[in-house]
S.K.: 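Submitted below is the structure of interest, expressed as structure tokens.
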Amino acid sequence: MCVGLQAKVVSVNDGVALVDASGAKRTVSAELIDSLEPGDYVMVHAGSAIAKITDSDKKETEDLLSGLF
């Protein structure tokens with residue numbers, strides 16, 4: 001099973017994004033996503049932003065995870 005974490009993009013520079021995942025800031029590769037902007041939400045897996053996600057996707061993920069813990 002693969003697990004991806006949702007994160008908010010803080011900044012993007014030369015194919016690298018600084019993201020905030022529930023307060024933990026990390027740098028990840030942004031090479032797989034075109035036109036990534038600060039404020040976007042992304043799914044992060046294995047050090048790479050693999051997809052943009054919508055606000056409704058973000059809420060759905062939060063709701064699912066809150067039910068597990």
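It should be emphasised that the depicted structure is a prediction, and the values quoted were computed from it without experimental measurement.
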S.K.: Where is the tightest heavy-atom contact between Q6 and M43, given as atom of each residue plus distance?
M.R.: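 Heavy atoms of Q6 and M43 come nearest at N-SD, 4.1 Å.
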S.K.: Please assess V42 against I50 for the test side chain to side chain contact (heavy atoms under 4.5 Å, CB included), listing each intermediate value before the final yes or no.
M.R.: CA-CA 7 Å; V42 294; I50 59 172; over 6 Å; no
S.K.: Suppose we screen for salt bridge (charged side-chain N to carboxylate O under 4.0 Å, His left out). Which residues come up paired with K8, at least two apart in sequence or across chains?
M.R.: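 K8 satisfies salt bridge (charged side-chain N to carboxylate O under 4.0 Å, His left out) with no other residue.
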S.K.: With a cut-off of 3.5 Å and sequence neighbours excluded, list every side-chain donor-acceptor pair involving residues 16-35.
M.R.:
from	atom 1	to	atom 2	distance (Å)
D20	OD1	G23	N	2.7
S29	OG	E31	N	3.4

